[in-house]
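First up is the structure itself, then whatever we jot down about it.
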Amino acid sequence: MSAADSPSSPPAARPDAYQALRFRDFRLLFFSTLFSVIAEQMLGAAIAWELYARTKNPFDLGLVGLVQIIPVLLLALPAGHIADTADRKRVVVLAMSGLALCSLALAALSWVQGPIVLIYLCILGMGIGRAFQSPAFSALQAQVVPVEAYANAATWQSTAWQLSAILGPALGGLLLALPTGATLVYILSSVTLLGVALALSTIRAQTAAQHAGEPMTMSSMLVGLRFVWQNKIILASISLDMFAVLFGGAVALLPVYASDVLHVGELGYGVMRAAPSIGAVAMAFLIAHMPPMKHAGRALLYAVAGFGVATLVFGVSTFFPLSLAMLVVLGALDNISVVIRSTLLLTRTPDEMRGRVNAVHYVFVGISNELGSFESGTVAALLGSSVASVVFGGFGTLAVVVLIALAFPELRRLGRLVAAPAA
């Protein structure tokens, strides 16, 4: 029997769509992502719904994003250094446990209808936990699969995230409709996050950092930033995502659309929160079973442009099925960006600086998601119209695509997503 006929050597013409899932530790990461994001999506849905129900002010929804981005900006670089010099698994477990405690505190505040300022303090604590969790978790992924499985691992991690982003908001919407409301959501989220922390503690892969003796200096913390700046394709891809989501943050205003524009209540709100992830999961499965992209750069630019168009249509729609369809399209197109960007980070970053590079990436993502929420809420409050805010964001996204395409010709020329020597 030849090597090509061996069961362990599948034909190259038929890529193994489940390659990364064949590794035990990656399966742990996959299911940890699935359940932790279900919990965090439930938390996000409950926080937004409860705040808007109590204040009826879209600015308060935008303020949630601002409060979460503060620890990202302040702690991302030190957190990245810790992810490269400490046990990444331990960092993730401790951060996840901190998120569980903040969720439990939110449950107590919700039960007694505590002060709004204390809710924001818990949100700030969650932001601190995520600032440390994200770089370490992303770097840990590269230690549980071989290099040839990086692209497949990025696709399945995106699938886990998006699948949980379907289940989390839908489950959150159902629970919010119960008499216990947000309180039960917070309690279940806390229990789930603690369970995930315990599961992650059983990972058997070698997770101790190879640079444990490196002191934390300004120069060492800036390694990731310098690396991203020198790698123009990585810089272009995460810049495109940052500015596109900054302007296209329609999801932040979903409570307003569900309550005041489409009039679909809590259950409709939960379905709307889940709709982008339905599209994203469908796209992830499609990517996993397709041959590698031949023109990844152009695919990224077209996907983000389509994201802008779908945002515009959603913004002006008053027909619930059309609005849902546009949210599904938003998720599908955004997932193309996620897979391309994640694969670039995995294949082009040296292991000794993965934590710091992922910390820089998390700053970009945090700015785009959380500051995008703040921008959407603030513009809606200033213009007196959530619809105008979303439409403005759609046009802004299209403008960003044009500017990035012109500023970074390297991105337009990007072909297959294969490992490349790191600069």
Original post:
Can you tell me how far CZ of Phe408 sits from CG of Leu403, rounded to the nearest 0.5 angstrom?
Top reply: 10.5 Å
Subject >> Positive for side chain to side chain contact (heavy atoms under 4.5 Å, CB included) with Val402, one of Val400, Leu406, Ile404 >> reply: Leu406
Original post:
Quick check: are there more than 12 heavy atoms from other residues, nucleotides or ligands sitting under 6.0 Å from CZ of Arg298?
Top reply: no
Original post:
Would you say the side-chain atoms of Arg130 and Ser134 include a donor-acceptor pair closer than 3.5 Å?
Top reply: no
Original post:
So which heavy atom on Ala197 is nearest to which on Val93, and how close?
Top reply: O-CG2, 3.6 Å
Original post:
Which heavy atom of Ala182 sits nearest a heavy atom of Glu50, and at what distance?
Top reply: CB-OE1, 3.8 Å
Original post:
Are any non-hydrogen side-chain atoms of Val390 and Val316 less than 4.5 angstrom apart?
Top reply: no
Subject >> Side-chain (Ser190) to main-chain (Ala100) donor-acceptor, under 3.5 angstrom >> reply: yes
**OP:** With the side chain counted from C-beta on, respond yes when Met126 and Leu106 share a heavy-atom pair under 4.5 Å apart, and no when they do not.
**Re:** yes
Subject >> N/O donor-acceptor pair under 3.5 Å between Thr311 side chain and Phe307 backbone >> reply: yes
Subject >> Any Phe132 side-chain heavy atom under 4.5 Å of Leu94 side chain >> reply: no
Original post:
Within a strict 4.5 Å, meaning less than it, do heavy atoms of the Gln19 and Trp156 side chains meet?
Top reply: no
**OP:** To the nearest 0.5 angstrom, please state how far the CD1 atom of Ile233 sits from the CG atom of Leu300.
**Re:** 11.0 Å
Original post:
What is the distance from atom CG of Leu167 to atom CD1 of Ile278, rounded to the nearest 0.5 Å?
Top reply: 9.5 Å
Subject >> Validation row: Ser36, Leu193 side chains within 4.5 angstrom (heavy atoms) >> reply: yes
**OP:** Provide the closest heavy-atom pair for Val329 versus Ala310 in the form atom of the first, atom of the second, distance.
**Re:** CG1-CB, 4.0 Å
Original post:
Would a 4.5 Å heavy-atom cut-off, applied to side chains only, mark Met272 and Phe320 as touching?
Top reply: yes
**OP:** Look at the side chain of Lys89 and the backbone N and O of Ile203, then say whether any donor-acceptor pair between them is shorter than 3.5 Å.
**Re:** yes
**OP:** Would you indicate whether the side-chain heavy atoms of Phe137 and Leu29 approach each other to under 4.5 Å?
**Re:** yes
Original post:
Can you find a heavy atom in the side chain of Val144 that is under 4.5 Å from one in the side chain of Leu28?
Top reply: no
**OP:** For Tyr120, look at atom OH and say whether over 12 heavy atoms of other residues, nucleotides or ligands are found less than 6.0 Å away.
**Re:** yes
Subject >> Ser323 side chain vs Phe314 backbone, donor-acceptor pair below 3.5 Å >> reply: no
**OP:** Calculate, to the nearest 0.5 Å, the distance between atoms CG and CD1 belonging to Asn231 and Ile238 respectively.
**Re:** 10.0 Å
Original post:
Under 3.5 Å, is there a donor-acceptor pair between the side chain of Ser239 and the main chain of Leu235?
Top reply: yes
Original post:
How close do Ala199 and Thr202 get, heavy atom to heavy atom, and via which atoms?
Top reply: O-OG1, 2.6 Å
Original post:
Roughly how far apart are Phe26 CZ and Ser32 OG, rounded to 0.5 Å?
Top reply: 11.0 Å
**OP:** Return yes when atom CZ of Phe395 has more than 12 non-hydrogen atoms of other residues, nucleotides or ligands closer than 6.0 Å, and no otherwise.
**Re:** no
Original post:
Hey, is the main chain of Ala405 close enough, under 3.5 Å, to the side chain of Arg412 for a donor-acceptor pair?
Top reply: yes
**OP:** Go through the steps to decide whether Tyr186 and Ile47 satisfy the test side chain to side chain contact (heavy atoms under 4.5 Å, CB included), and finish with yes or no.
**Re:** CA-CA 9 Å; Tyr186 297 140; Ile47 290 169; 3.7 Å; yes
Original post:
Counting only N and O atoms by type, is there a donor-acceptor contact under 3.5 Å from the side chain of Asp334 to the main-chain atoms of Leu330?
Top reply: no
Subject >> Backbone N/O of Ala136 and side chain of Arg88: donor-acceptor pair under 3.5 Å >> reply: no
**OP:** To the nearest 0.5 angstrom, please state how far the CG atom of Leu327 sits from the CG atom of Leu322.
**Re:** 9.5 Å
Original post:
How far apart are the closest heavy atoms of Val401 and Leu301, and which atoms are they?
Top reply: CG1-O, 3.7 Å
Original post:
Between the side chain of Ser103 and the main-chain N/O of Leu99, is any donor-acceptor distance below 3.5 Å?
Top reply: no
Original post:
If every non-hydrogen atom of Thr159 is compared with every non-hydrogen atom of Val281, which pair is closest and at what distance?
Top reply: O-CG2, 4.0 Å
Original post:
Where the side chain of Tyr257 meets the backbone of Gly315, is there a donor-acceptor pair that is under 3.5 Å apart?
Top reply: yes
